[in-house]
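Take a look at the structure below.
The sequence lines fix the lettering, A, B, ..., with proteins before strands; numbering per chain opens at 1. No experiment lies behind these values; they were computed from the predicted model shown. The basis for the numbers below is simple: all heavy atoms, side chains too, and nothing from hydrogens, waters or symmetry mates.
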Amino acid sequence: MTVRTRVAPSPTGDPHVGTAYVALVNSCFAKKQGGCFVLRVEDTDRARSTRESEEAILESLHWLGLAWDEGPDIGGPHGPYRQSERSASYREHAAQLLAEGHAFKCFCTPERLEEMRVAQRAAHQPPHYDGHCLHLTPREIAEKEAAGIPSVVRLKVPSEGSCIFDDLLRGRIEIEWKTVDMQVLMKSDGFPTYHLANVVDDHAMEITHVIRGEEWISSTPKHLLLYRSFGWTPPAFCHLPLLRNPDRSKLSKRKNPTSILYYRKQGYPAEALLHFLGTLIDARNDDQGLIGRGSSTRERTALLLEHFGEQFELTHISVGGPVFDIPKLRWLCGQWIRRQTPAQFLQLLHEWGYEWPRAIAPEKREHVARVAMERIELLSDFAPLVEFLAEPPDLARQDMALQNLPEEDVRGALESAIENLIPLVGDSWNQAAIGEALKKSAGDAGFKLKDVVRFFYVAVTGKPTSLPLFDGMEILGKEESLRRFELAVEKLH
RNA sequence: GGCGCCAUCGUCUAUCGGUUAGGACAUCGCCCUUUCAAGGCGGAAAGACGGGUUCGAUUCCCGUUGGCGCUACCA
């Protein structure tokens, strides 16, 4: 039997990094076993599901280089891959459960259920469906339906014994049936809940390994009960740890950016995010040798995925929920950026959507890239670093008030710089010569370059820290550089 | 509260009974140096607690504590 795994996102919000993490594991497992990886959209929550969200999720996973063998966008032999398009199947299966006595119709109002829960809570009982509609006669059911009272279908759960199953990561798990609620399977709007749809589809799509988040462990008995009721062989189950916020709670957007869209927009390269996710599923992927391979983002993510797939071992996933450590992710981003050639980096910037200021001539951009890529982590760090090349700084006198150096000394150094820079004409206006000239200027003014260079930075870039100054000035050109020195001198008069 | 899962440096982790408990991020220091970075070198930093089992436990078992998850006509 060929291995088939799936990821089943619910399109109810922004694409979550946790979805990518689960998708990655499923994809790697399938790849390692020579199986298929399926993407199925679980849009049974009519109120919250949107098509935009679905598109964003697929797009984001693709951005990370993830690909599936079957899915709503590419079809496949087990389609449709969108649960909202499989309603008939759920209705039939619910009817079958009803007919065979594995489920029952429930006419309880939300108000009654709420009162029931409040009472149970007050009595320190776990909230549980109380079986109110469990023993309605066919006649009572018919009457209520004739009266137009809305109903749901609930799962019948054994009252004794326990459900025992094997988790691929955690081994034997035992949960007593009395702690399992009589879950709703079909909502009154005619749509299935996760539990029914998930089981029916996993069976229909011949999923062999259900690899999903840890939050599903306590629901697994319900799913197993459904497989048993239908007479189906259940798949193997594997519950992955949940990604955490730094405070260790489940990763949530209240406390952390969780949207892949966010990371993309901020300029986290896809290959770096993918690599980071890879380190979370197997520590052996925390290998700097993996950084930088490939000449385009597409090729880089493909190589990474190939490596992850080959190396993949379920047992290397540790079961403690890992903190989604943004500082480490950022470092990895910087690493990926730095391992590119300047030309590749330019391409990365372009793909990200960076638009060059017109003032920076195309032939100078590779030089800019070369010196800028050494000092950024995210692509969004690039623009602020190079904006001085397009816009003259708006200097204020106090910007020059650094290091308690008297203004006249600063002015002297700046004037000396101008004097030494003027002779540099034509090709002599280059990084090395500029450096020599500025060193001499500092000396002429009675300082070491080190002591006054910060003022030069402020004069040219408007900030005490920026790109390497000599390169910056070479790129800026002689005329504009001198103009900025002169402007700075004026400020000090 | 009930049920379940989990537990090594601040973080991600290695160790599959015997190690000076290793690496990476972050942090600190030094070097390099045109500021800031990057890079190089080095430092500090961990087995939650209590019982067992064993010649020997971070490793196996039990308990405690702690964290997390579930406890919906959301997934």
Item to check | Base-pairing assignment for B:U20 (Watson-Crick or G-U wobble, both under 3.5 Å) | outcome: none

Next on the checklist: Using the side-chain heavy atoms of A:Lys250, tell me which of these nucleotides is nearest: B:C73, B:U35, B:C70.
Outcome noted: B:C70

Checklist entry - Looking only at atom P, what distance separates B:G67 and B:A57, rounded to whole Å? => result 30 Å

Item to check | Among B:A75, B:A38, B:C73, the nucleotide that comes nearest once only the side chain of A:Val184 is considered | outcome: B:C73

Checklist entry - So what does A:Leu469 hit on the nucleic acid, given a heavy-atom distance under 4.0 Å: a base, only sugar-phosphate, or nothing? => result base

Checklist entry - Heavy-atom count around A:Lys440 NZ within 6.0 Å, excluding the residue itself: above 12? => result no

Next on the checklist: What's the gap between B:U11 and B:U27 when it is taken at their C1' atoms, as a whole Å value?
Outcome noted: 12 Å

Checklist entry - Hey, does A:Pro468 reach any base, or is it just sugar-phosphate, or nothing, if we go heavy atoms under 4.0 Å? => result base

Item to check | Of the listed nucleotides B:C3, B:C5, B:C73, the one nearest the side chain of A:Arg170 | outcome: B:C5

Item to check | Check ion pair A:Arg284-A:Glu313 (N to O, under 4.0 angstrom) | outcome: no

Checklist entry - Touch check for A:Cys108, heavy atoms < 4.0 angstrom, all strands: base, sugar-phosphate only, or nothing? => result base

Next on the checklist: Pick the closest RNA chain B nucleotide for A:Leu467 and for A:His124 by heavy atoms, then say which residue is nearer the 5' end.
Outcome noted: A:His124

Checklist entry - How many Å lie between OH on A:Tyr194 and P on B:A72, as a whole number? => result 17 Å

Item to check | Side chain of A:Asp325 - closest among B:C73, B:A38, B:C25 | outcome: B:C25

Checklist entry - If you check every side-chain atom of A:Glu42, which of B:U34, B:C25, B:A75 has the closest atom? => result B:A75

Checklist outcome for this item: Taken to the nearest 0.5 Å, the spacing of A:Glu377 CD from A:Phe382 CZ works out to 16.0 Å

Next on the checklist: For a quick check of understanding: with a heavy-atom distance under 4.0 Å over all strands, which category does A:Gly321 fall into, base, sugar-phosphate or nothing?
Outcome noted: sugar-phosphate

Next on the checklist: Check this one for me: any side-chain N or O of A:Thr465 less than 4.0 Å away from OP1 or OP2 of B:A37?
Outcome noted: no

Checklist entry - What nucleotide among B:A37, B:C74, B:U11 has an atom nearest to a side-chain atom of A:Val323? => result B:U11

Item to check | Residue A:Arg375, side-chain atoms from C-beta onward, closest of B:A26, B:A37, B:C73 | outcome: B:A37

Checklist entry - Given the C1' atoms of B:G22 and B:U34, what is the spacing between them in whole Å? => result 39 Å

Checklist entry - Can you tell me how far P in B:C5 sits from the matching atom in B:C61, rounded to whole Å? => result 13 Å

Item to check | B:A72 OP1/OP2 closer than 4.0 Å to side-chain N/O of A:Arg117 | outcome: yes

Item to check | No-H, no-angle donor-acceptor pair, A:Thr279 side chain to B:C12 base, under 3.5 Å | outcome: no

Checklist entry - Does a nitrogen or oxygen in the side chain of A:Ser318 sit under 4.0 Å from OP1 or OP2 of B:U13? => result yes

Next on the checklist: Check the phosphate of B:C12 against A:Arg248, side-chain N and O only, distance under 4.0 Å to OP1 or OP2. Yes or no?
Outcome noted: yes

Next on the checklist: Pick the closest RNA chain B nucleotide for A:Val152 and for A:Ser466 by heavy atoms, then say which residue is nearer the 5' end.
Outcome noted: A:Ser466

Next on the checklist: Looking only at the aromatic ring of each residue, does the gap between the centers of A:Phe447 and A:Phe456 stay below 6.0 angstrom?
Outcome noted: no

Checklist entry - For B:A38, what is the paired nucleotide under Watson-Crick or G-U wobble rules, both distances under 3.5 Å? => result none

Checklist entry - Would a distance-only check, ignoring hydrogens and angles, find a side-chain to backbone donor-acceptor pair under 3.5 Å from A:Asn26 to A:Thr5? => result no

Next on the checklist: Looking at B:U64, which nucleotide sits across from it as a Watson-Crick or G-U wobble partner, both distances under 3.5 angstrom, or is there none?
Outcome noted: B:A48

Checklist entry - Taking only N and O in the side chain of A:Lys448, is any of them less than 4.0 Å away from OP1 or OP2 of B:U35? => result no

Checklist entry - Which listed nucleotide (B:A75, B:G39, B:A24) is nearest to the side chain of A:Gln288? => result B:A24

Item to check | Rounded distance in Å between the P positions of B:A38 and B:C25 | outcome: 11 Å

Checklist entry - Quantified in whole Å, what is the P atom distance between nucleotide B:C68 and nucleotide B:A45? => result 28 Å

Checklist entry - Would you say B:G39 has OP1 or OP2 under 4.0 Å from some side-chain N or O of A:Gln335? => result yes

Checklist entry - Just checking A:Glu174: base, sugar-phosphate only, or nothing, at a heavy-atom cut-off of under 4.0 Å? => result sugar-phosphate

Next on the checklist: Nearest to the side chain of A:Arg244, heavy atoms from C-beta on, is which of B:C6, B:G67, B:A24?
Outcome noted: B:G67

Checklist entry - Out of B:U34, B:C74, B:C70, which nucleotide sits closest to the side chain of A:Lys439? => result B:U34

Checklist entry - With rounding to whole Å, what would you report as the distance between B:C49 and B:U58 at their P atoms? => result 10 Å

Checklist entry - Under 6.0 Å between the ring centres of A:Phe104 and A:His132? => result no

Next on the checklist: Measuring only the C1' atom in each nucleotide, how far is B:A21 from B:U59? A whole number of Å is fine.
Outcome noted: 11 Å

Checklist entry - Counting N and O atoms only, with roles assigned by atom type, does the side chain of A:Ser53 sit under 3.5 Å from a partner on the main chain of A:Pro11, one being a donor and the other an acceptor? => result yes

Item to check | Ring centers of A:Phe191, A:Tyr90 separated by less than 6.0 Å | outcome: no

Next on the checklist: Rounded to whole Å, how long is the line connecting atom CG of A:Asp286 with atom C1' of B:A24?
Outcome noted: 5 Å

Item to check | Between B:U11 (P) and A:Arg330 (CZ): distance, integer Å | outcome: 20 Å

Item to check | Among A:Tyr263, A:Tyr268, A:Phe324, A:Tyr21, the one residue meeting ring pair (Phe, Tyr, Trp, His ring centres under 6.0 Å) with A:Phe276 | outcome: A:Phe324

Next on the checklist: Does B:U34 have OP1 or OP2 under 4.0 Å away from a side-chain N or O of A:Arg454?
Outcome noted: no

Checklist entry - Between B:A75 and A:Arg40, is there an OP1 or OP2 to side-chain N/O distance shorter than 4.0 Å? => result no

Checklist entry - When all nucleic acid strands are considered with a 4.0 Å heavy-atom cut-off, which category describes A:Arg338: base, sugar-phosphate, or nothing? => result sugar-phosphate

